Amino acid sequence: QVQLVESGGGLVQAGGSLRLSCTASGRTLRSYVVGWFRQAPGKEREFVAAVSWSGYKIYYVDSVKGRFTISRDNAKNTVYLQMNSLKPEDTADYYCAAKTRELYSDPAAEIDPAADFGSWGQGTQVTVSS
């Protein structure tokens, strides 16, 4: 399995930006779909964004469309989540996850968006103050 490490979280004011990184070790990320998920205190884990092997298929949950951008740099074995116009409701622990099964449909439309994601990072905390 690929090992994933997230970084880039922190405290930011509403309207600010952060860029999260998900760096892989052990195996190349080139042949993995990578997703970002988040979990706020007392809430269920939520799908945020996912990018296909090639980077051409990208999906977002509606609440972050137009504000967040997922991208991948296979040469650096890293996937990024650029988060702009942050809101207090974006406060959560953010996790990246990887799966080998290609992205054929919008994970947000699936019963369990996290299905098949077998590798997970330890998470990075994002706090947005109002």
Side-chain angles (χ1 to χ4, degrees):
Q1 278 190 336
V2 63
Q3 286 79 48
L4 304 174
V5 177
E6 303 95 335
S7 61
L11 173 64
V12 65
Q13 288 188 332
S17 299
L18 285 173
R19 188 177 79 160
L20 306 184
S21 298
C22 173
T23 302
S25 62
R27 294 190 177 187
T28 176
L29 264 184
R30 190 179 303 275
S31 56
Y32 286 84
V33 166
V34 178
W36 283 96
F37 297 79
R38 65 186 179 186
Q39 187 166 20
K43 294 189 176 181
E44 293 187 352
R45 181 175 57 195
E46 177 186 36
F47 164 75
V48 177
V51 59
S52 64
W53 297 343
S54 64
Y56 292 129
K57 287 185 182 178
I58 290 176
Y59 297 98
Y60 300 97
V61 67
D62 285 347
S63 60
V64 308
K65 286 179 181 177
R67 300 189 298 121
F68 290 12
T69 303
I70 188 172
S71 62
R72 64 189 305 155
D73 185 341
N74 287 335
K76 294 184 177 180
N77 233 19
T78 300
V79 171
Y80 303 98
L81 185 67
Q82 178 67 44
M83 305 187 296
N84 299 328
S85 303
L86 282 162
K87 304 175 181 180
E89 51 264 43
D90 294 317
T91 295
D93 291 327
Y94 283 71
Y95 301 87
C96 68
K99 66 175 181 178
T100 55
R101 187 173 180 271
E102 177 57 307
L103 200 61
Y104 293 113
S105 60
D106 186 353
E110 297 176 6
I111 294 175
D112 182 7
D116 298 329
F117 283 92
S119 299
W120 291 80
Q122 83 290 347
T124 186
Q125 189 174 53
V126 171
T127 303
V128 184
S129 63
S130 57

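Computation of the quantities below employed the complete heavy-atom set of this structure, encompassing side-chain atoms and omitting hydrogens, waters and symmetry-equivalent molecules. Here the structure is a predicted model, which is why all the values come from computation and not from measurement. The chain is numbered in sequence order, starting from 1.
In this structure, E102 contributes its side chain and T100 its backbone to no donor-acceptor pair below 3.5 Å. With R72 contributing its side chain and L29 its backbone, the two residues share a donor-acceptor pair below 3.5 Å. Not a single donor-acceptor pair under 3.5 Å links the side chain of E6 to the backbone N or O of L20. No side-chain donor-acceptor contact under 3.5 Å links Q82 to the backbone of T69. A distance-only check finds no donor-acceptor pair linking the side chain of Q13 to the backbone of S129 [under 3.5 Å].
The list of ring-ring contact (aromatic ring centres under 6.0 Å, His included) pairs with a residue in residues 40-71, not counting sequence neighbours, reads F37-F47. Residue pairs meeting the ring-ring contact (aromatic ring centres under 6.0 Å, His included) criterion with at least one member in residues 75-94: none, sequence neighbours excluded.
Considering all non-hydrogen atoms of both residues, A92 and A40 come closest at CB-N, 3.7 Å. Scanning both residues, D90 and R38, for their nearest heavy atoms gives OD1-NH1, 2.9 Å. R101 and V33 get closest at one heavy-atom pair: O-CG2, 3.4 Å. The minimum heavy-atom distance between A49 and L81, with the atom names listed, is CB-CD1, 4.2 Å. Residues A24 and L4 approach most closely at CB-CD2, 3.9 Å, considering heavy atoms. The two residues V2 and A98 make their nearest non-hydrogen contact at CG1-CB, 4.0 Å.
Using a 4.5 Å heavy-atom cutoff, the side chains of T28 and N74 are not in contact.
Between the side chains of T23 and T78, at least one donor N or O sits under 3.5 Å from an acceptor N or O. If you check the side chains of S105 and E110, you find a donor sitting under 3.5 Å from an acceptor.
Atom CZ of R67 is surrounded by more than 12 heavy atoms from other residues, nucleotides or ligands within 6.0 Å. Other residues, nucleotides and ligands contribute more than 12 heavy atoms inside 6.0 Å of the NZ atom of K65.
E44 CD to Q39 CD: the interatomic distance, rounded to the nearest 0.5 Å, is 8.5 Å. Rounding to the nearest 0.5 Å places OG of S63 at 8.0 Å from NZ of K87. Between the OG atom of S21 and the CG atom of N77 there is a distance of 12.5 Å, given to the nearest 0.5 Å.
Contacts of S31 classified as side-chain hydrogen bond (donor to acceptor under 3.5 Å, both in side chains), with partners at least two apart in sequence or in another chain: none.
For the side chain to side chain contact (heavy atoms under 4.5 Å, CB included) criterion with Y95, the lone passing option out of W120, F117, W36 is W120.
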